[in-house]
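Side chains included, hydrogens not; waters and symmetry mates left out as well; all remaining heavy atoms used. Note on naming: letters A, B, ... go to the chains in the order of the sequence lines (proteins, then strands), and numbering restarts at 1 for each one.
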Protein chains: 2
Amino acid sequence: MFGRQATLHSRASSDAREGYEQRLGHILAAACGAIARLGYERASMRAVAKATGVSLAGLYHYFDSKEKMLFLIQFRTFSALHQNLLEKLHGVMDSEEQLRVMIRAHLSYFAANMDALKVCSHELDTLSGSAYEQTRDIRREYYALTRSIIERLLDAHAPGASLDRHVLTMSLFGTLNWLYRWYDPAGGPSVATVSNQIASQFLHGIYHLADTADGAAANARGLPRDASQAAARTP
Amino acid sequence: MFGRQATLHSRASSDAREGYEQRLGHILAAACGAIARLGYERASMRAVAKATGVSLAGLYHYFDSKEKMLFLIQFRTFSALHQNLLEKLHGVMDSEEQLRVMIRAHLSYFAANMDALKVCSHELDTLSGSAYEQTRDIRREYYALTRSIIERLLDAHAPGASLDRHVLTMSLFGTLNWLYRWYDPAGGPSVATVSNQIASQFLHGIYHLADTADGAAANARGLPRDASQAAARTP
DNA sequence: GATTTAATCGAACGAACGTTCGATCGCCAT
DNA sequence: ATGGCGATCGAACGTTCGTTCGATTAAATC
């Protein structure tokens, strides 16, 4: 599946593997930049080759196809994003603090890997087949983790609120995944500032709804409300 | 610039113009569906031709190029979205109600024109040159209108809150523009339900921040906060 | 030192794309 | 009738794309 098999028989081949991983990382980073700037379809393999210094044919030593290249980028980024969150969540018990950590971790990762996160936010439906399913599964893990935090948050602070939890979770993801369209960590408020503002507004938006009656009074305003089930699709 | 000049000299040519507009609308709707499903680059002119019944060459009677076709879709959609909001805002004076109207109008329009709004949310950077600038200008009007509502809202209900208003506005747009990725008006909570929940959470997220001290106490949590200026880019 | 294997490249292939060309058909005004 | 024009089409053109092929060099294995 990947370009090369591991041949871990000697120290020499271990060094070679390190060099291989390093060059692969360099190529993927350049590809990431091109796709972030031009979009997947417009970013030609020739442009990626130019950006890396490797020849066009040389790229195909590292992956079988352009689609596999995108898969590697997305799979690695989503995995790292998820792993990063799990680590930062370690030892944090309070659900409010967990949500603050989640938002801060997401923004930090975005600030440090803007190209990669843009490609992951914008090219969500580009892959197909099993490559799509694999990245979708990681995304679902990330979604499920975030949603479980929100669930505990609601159970603890707003138990009776009539809030659709899927809508709630996707609203947050909308705010976070849209960042790549406008937020420049270098030229605006700091990551900490933006994280805190988003987290505070989100949290207090929940809390205040719990305060008013059972949340329904504030939520149902002027229009009838139906208690239909959560929407079908998950990210 | 457009495919045809207006020849309004007789009733006959007026009828012809109506037929022309109708066929153009039909073609754009089909193109919209293809681009929403496949993305702009993958949606070939041959696929659009198949979807409309018109021949490949016949399409070019209605626009000079594929890019102009996308421009027509985006320009018309953004204009209608903006116009629709202005109309629904007519006579509404309370800033809170204005924001609720804005969110409800956006979701209603989305529910009625899913393909078009997906194309407008996802293909924001596809156009170039003056076509890009024209659509960007309408988007900016839409942004400015929404931001002005939020500004008045803050001045009235949370005058001292240390909230970055650009971050606030873009958070809302993130939630709204991300809808196309998950919300199916046919199979989930109603437009009214989702609108109310998003609006209520957003509004109370602001109000509660105004209640606590001057908003800074709740906002600055655990991390230092800098009072840097608003981010550079607007949508 | 011989042999295998990883890494790289220039050149080319076949397909798909956006676009254009020239011709045809039907309608309206002259 | 006839000339002009809007509308439409099949066929083709030139370009760009992802990918493959065969050859060449460098390094590791025996």
Side-chain angles (χ1 to χ4, degrees), chain A residues 2-27 30-31 34-35 38-72 126-129 131, chain B residues 2-27 30-31 34-35 38-72 126-129 131:
Chain A
F2 297 99
R4 211 181 69 156
Q5 305 304 55
T7 59
L8 298 168
H9 298 293
S10 71
R11 199 162 113 54
S13 57
S14 176
D15 286 358
R17 173 147 197 96
E18 277 178 31
Y20 174 82
E21 276 296 335
Q22 194 172 326
R23 274 189 300 270
L24 175 57
H26 172 239
I27 291 174
I35 297 175
L38 303 167
Y40 174 75
E41 300 290 342
R42 297 179 114 101
S44 70
M45 294 299 271
R46 285 167 176 84
V48 173
K50 277 273 199 297
T52 59
V54 182
S55 75
L56 174 60
L59 291 178
Y60 286 85
H61 183 67
Y62 293 90
F63 24 75
D64 322 330
S65 67
K66 189 185 182 185
E67 204 170 352
K68 286 276 169 60
M69 182 181 79
L70 176 62
F71 169 74
L72 279 180
T126 305
L127 293 175
S128 63
Chain B
F2 297 99
R4 214 181 67 156
Q5 304 305 54
T7 59
L8 298 168
H9 297 293
S10 70
R11 201 166 108 58
S13 56
S14 175
D15 286 356
R17 173 147 198 96
E18 277 178 32
Y20 174 83
E21 276 296 335
Q22 195 172 325
R23 274 190 300 270
L24 174 57
H26 171 239
I27 291 174
I35 297 175
L38 302 167
Y40 174 75
E41 300 291 341
R42 298 179 112 101
S44 69
M45 294 300 272
R46 285 167 176 84
V48 173
K50 278 272 199 300
T52 57
V54 181
S55 75
L56 175 60
L59 292 177
Y60 287 86
H61 183 65
Y62 292 89
F63 23 75
D64 321 331
S65 67
K66 187 185 183 185
E67 204 169 352
K68 286 275 169 59
M69 182 182 78
L70 177 61
F71 169 75
L72 279 181
T126 305
L127 293 175
S128 64

Distance check needed: D:dG18 P versus A:Lys68 NZ, whole Å only. 16 Å
Is A:Lys66 close to A:Val48 at the side-chain level, that is, under 4.5 Å between some pair of heavy atoms? no
When you compare the side chain of B:Glu41 with that of A:Tyr40, does any pair of heavy atoms fall below 4.5 Å? no
Once you round it to whole Å, what is the distance between P of C:dT19 and CG of B:Leu70? 12 Å
Whole angstrom is fine here: how far is it from CZ in B:Phe63 over to P in D:dA7? 14 Å
What nucleotide, of C:dC21, C:dA11, C:dT19, holds the atom closest to the side chain of B:Lys66? C:dT19
Counting only side-chain N and O atoms of A:Tyr60, is one of them less than 4.0 Å from OP1 or OP2 of C:dT8? no
4.5 Å side-chain heavy-atom contact, B:Thr126 and A:Arg42: yes
Using whole Å, report how far CE of B:Met45 lies from C1' of C:dT20. 13 Å
Taking only the side-chain nitrogens and oxygens of A:Arg23, find out if one of them lies under 4.0 Å from OP1 or OP2 of C:dT8. yes
Whole angstrom is fine here: how far is it from CG in A:Leu38 over to P in D:dC17? 10 Å
Given DNA chain C, 5'-ward residue of the pair A:Leu59 and A:Leu56, judged by closest heavy atom: A:Leu59
With a 4.0 Å cut-off on heavy atoms, is B:Ser55 in touch with a base, just the backbone sugar-phosphate, or nothing at all? base
Any side-chain heavy-atom pair of A:Tyr62 and A:Leu72 under 4.5 Å: no
Between B:Tyr62 and D:dA7, does any side-chain N or O lie under 4.0 Å from OP1 or OP2? no
Check: B:His61 and B:Val54 side chains under 4.5 Å, non-hydrogen atoms: no
Can you tell me the distance, in whole Å, between the CG atom of A:Leu24 and the C1' atom of C:dA6? 15 Å
Rounding to a whole Å, what distance do you find between B:Glu41:CD and D:dT16:P? 14 Å
OP1 or OP2 of D:dT8 versus the side-chain N and O atoms of B:His61: is any pair under 4.0 Å? no
Shortest side-chain distance from B:Ala57, nucleotide among D:dC21, C:dT19, D:dA11: D:dA11
Interatomic distance where CZ belongs to A:Arg46 and P belongs to D:dT20 [whole Å]: 13 Å
Of the listed D:dG18, D:dC21, C:dG18, the closest approach to the B:Ser44 side chain comes from C:dG18
